[in-house]
S.K.: 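I have a structure I would like to understand better, so I am pasting it below and will then ask my questions one at a time.
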Amino acid sequence: MPIKSLLCASAVLAVAGSTAFAETEIQWWHAMGGTNGERVNKIAEDFNATQSDYKVVPVYKGNYTETMTAAIAAFRAKEHPQIVQVFEVGTATMMAAKGAIYPVEKLMNDAGEPFDGDAFLPAVVSYYETPEGELLSMPFNSSTPVLWYNKDALDAAGAAVPATWDEVKTASQKLVDNGMKCGVSFGWQSWVMIENFSAWHNLPTGTKENGFAGFDTELTFNNAQVAARLDDVASMGKDGLFVYGGRRGDSLPMFTNGECGMWMNSSAYYGSISSQAKFEFGQAMLPLDTNVADAPQNSIIGGATLWVLEGHDEAEYKGTAKFLTYLSSPEVQSWWHQETGYVPITTAAYELSKEQGFYDSNPGTDTAIKQLSLNTPTANSRGLRYGNFVQVRDVINEELEALWGGEKTAQDALDAAVSRGNDLLRRFERTANPS
Amino acid sequence: MLKRVHFPTSALPYLLVAPQILITLVFFIWPASQAMYQSFLIEDAFGLGTEFVWFENFEILWSDSHYLASFQRTAVFSLLVAGLSMGVALLLAGFAQRVVRGAMFYRTLLIWPYAVAPVLAGALWVFMFNPTLGIFPYFLEFAGITWNHYLNGTQAMALVILAAAWKQVAYNFLFYLAAMQSIPNSVIEAAAIDGAGPARRFWTIIFPLISPTTFFLLVINMVYAFFETFGIIHAVTQGGPGTSTTILVYKVFNDGFVGLDLGGSAAQSVVLMVLVIAMTVVQFRFVERKVAY
């Protein structure tokens, strides 16, 4: 199949619609559909209204993967936007593209925009920094997995909100005994059960500081602690306490329909859950495995950041920098956070939300940010940066499904995932061109 | 030896076939050769770091047990999709042929699904078979079947086959109906007068007479199952659980468009291309002998 020419053709079609305006136009490709898309439009409109030199044009490009591939295809055809939203999984691919990306910190300095890296939450910003501490992309919508619980169901079953995995098991048993179809489920299993489980218990997922210190990294998450946890979850599955419900957010209905009492997934499901659930629900921190650690470290983020692409003129970059300043202002960020459930990316936005009384009227909505800023991130809890990570996550999904299906033990599944993942990392390393 | 007929040379015949040749060159030969070239490269997503590696992408594929396993899966998938969609279409066309009143209405209804894009068709089936929300799992529960295609590979495979076949039934139906309508009524009436029942008439007269259509549809449906079903699989199972629904074309799509591994994906598509060419040759050489035009 002519992949390259297809990519090019779709890119050409994509930009054919844009026309020139008197103001300098800045294209912003994003992956926020539905109501979040309207919120993105509002941010751009509000910025455009503040001045008349620049015009930010947000363009919805489909889901995260589609947006990223569209931007890359456009770059290959030299018709790329100034700003593109890329999910955290694409970080290594983006940063390896020397000559294609314009580091945000450098952009801000070149354009003479005020920029203070310390204003951002460390757990958010450290995911997107070079080993030297230069910020590569502008954090925008970050989230982290939390434990969502059905308060009514837990109360009815006489179970407390769990804080440890042992308590998760006990609570699940009580929920099932009380007639529920399952106790607990989760989505984005690589992110929740491996990446975040490891960070939360300060375990590495790979060598070289989880990939931050170089592309010659190897995956190591097939350790005894992760294996023991996953084996336990699999055995909960055999007892009907845990039900697997798909790779991404597919299991959301299981939670909102009241089949499962607990659900581990992104804090950014706040909007969906509050509009769908007909019961009282809450968010709690991820459970701790007391066999592994005495206290949690911090969780790591998901979501996306805004990358600036090379190849445009100075005036456009000046406008881009001005827009990024506007976007990360406390007012815009706290509004975005409160509307969507994504975490506020700056301390100032968090403080502003506190002042506005948002957490008092919506208890639990600060769980995500508390989890992220629980401790100063270590090399294990800063995040992860592996090449070809979209494919590595597919591999992890496949192997974990073999585990839930009872075809493999946790150790076998993890060993296979690590070995297949390492092949993908070696492949990536050959073409990567780190700056 | 046959005696060849000679015509005086003129530019006209070349001119007449030129559009066809041009289209083939632009839309088949050029992209196909691009894919061939791409399959010799290992490249980063942006095309900034490119390495020419000859056959390494293919070597990687042949040493990947998951890739080899997906051949068998693809064979099962495409045979069942083609068989199911053609079988059902034949049955429906047979009935629609006999309908006298409201024939247009039935035909329109049956052709409808063809207008649905594969991803949408997938989304439709995802909803109907969602273990929590779906209507079918609810009914299956009464029959004592627990439906969870997120966990059960066989169920997931059954679901994508069903979704892919359903999509193609309309197309096949159209061709079968047209073929049946072109059979002279007098032949069938004569058989009926001789005392042949509907089933007998079908198998001894109608079916042999529509064998060219069946053969054509077999080729089309195999190509459909091989090349065009990735949208359905992406929407329904994403190749899972495990790798139980990762057929060859889905892996091409997923590695290339989602994973941005263009070299590896191009190598797979070259393999797929060769496979389909081989399959078509086999069909024309061996299956076509059973076809009476």
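Letters go in sequence order (proteins before strands), and every chain restarts at 1.
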S.K.: So what's closer than 4.5 Å to chain A heavy atoms on B:V271: side chain, backbone, both or neither?
M.R.: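 The answer is neither part of B:V271.
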S.K.: Between the side chains of B:E43 and A:R430, is the shortest nitrogen-to-carboxylate-oxygen separation below 4.0 Å, so that they form an ion pair?
M.R.: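 Salt bridge: no.
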S.K.: What pair of heavy atoms forms the shortest contact from B:F257 to A:T69, and how long is it?
M.R.: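 Minimum heavy-atom contact is O-CG2, 2.9 Å.
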S.K.: Considering residues, nucleotides and ligands other than B:F52, do more than 12 of their heavy atoms fall under 6.0 Å from its CZ?
M.R.: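 Yes - once you tally the heavy atoms of other residues, nucleotides and ligands closer than 6.0 Å, there are more than 12.
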S.K.: Quick check on the interface: out of B:D64, B:N130, B:I42, B:V126, who has the most heavy-atom pairs with chain A under 4.5 Å?
M.R.: B:I42
S.K.: Taking all atoms of both residues into account, what is the closest heavy-atom pair of A:Y244 and B:L151, and its distance?
M.R.: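 Taking A:Y244 first and B:L151 second, the nearest heavy atoms are CD2-CD1, 3.7 Å.
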S.K.: Taking side chain as everything from C-beta outward and backbone as N, CA, C, O, which of these in A:R420 sits under 4.5 Å from a heavy atom of chain B? Side chain, backbone, both or neither.
M.R.: side chain
S.K.: Under 4.5 Å between any side-chain heavy atoms of B:N57 and A:R427, yes or no?
M.R.: yes
S.K.: Could you give me the CA-CA distance, side-chain angles and deciding distance for A:N388 and B:L260, then say whether side chain to side chain contact (heavy atoms under 4.5 Å, CB included) is met?
M.R.: CA-CA 8 Å; A:N388 281 338; B:L260 294 168; over 6 Å; no
S.K.: Where on A:V395 is there a heavy atom nearer than 4.5 Å to chain B: the side chain, the backbone, both, or neither?
M.R.: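 Looking at A:V395, nothing touches chain B.
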S.K.: Please tell me if the side chains of A:Q391 and B:D255 come closer than 4.5 Å, counting only heavy atoms from C-beta onward.
M.R.: yes
S.K.: If you count heavy-atom pairs under 4.5 Å with chain B, which of A:P253, A:A402, A:A413, A:G405 comes out on top?
M.R.: A:P253
S.K.: Heavy-atom cut-off 4.5 Å, strictly under: side chain, backbone, both or neither for B:H66 against chain A?
M.R.: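 The side chain, not the backbone.
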S.K.: Under a plain distance cut-off of 3.5 Å, with no hydrogens placed, do A:D394 and B:N254 share a side-chain donor-acceptor pair?
M.R.: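 There is such a pair (donor and acceptor under 3.5 Å, judged by atom type) between the side chains of B:N254 and A:D394.
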S.K.: Just how far is it from atom CG of B:L262 to atom CZ of A:R76, taken to the nearest 0.5 Å?
M.R.: 5.5 Å
S.K.: Please look at B:E51 and chain A and tell me whether the side chain, the backbone, both or neither of the residue comes under 4.5 angstrom of a heavy atom of that chain.
M.R.: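 Contact with chain A: side chain only.
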S.K.: What residue among A:L252, A:D250, A:N257 forms side chain to side chain contact (heavy atoms under 4.5 Å, CB included) with B:T132?
M.R.: A:N257
S.K.: Looking only at heavy atoms, which two atoms of B:Q238 and A:R247 are closest? And how far apart?
M.R.: O-NH1, 3.0 Å
S.K.: Got a second to check how far A:E429's CD is from B:D44's CG, nearest 0.5 Å?
M.R.: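 Between atom CD of A:E429 and atom CG of B:D44 there are 13.5 Å.
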S.K.: Ignoring hydrogens, what is the shortest heavy-atom contact between B:F46 and A:F75? Give both atom names and the distance.
M.R.: CD2-CD2, 3.5 Å
S.K.: Which pair of non-hydrogen atoms, one from A:I72 and one from B:A45, has the smallest distance, and what is that distance?
M.R.: CG2-O, 3.1 Å
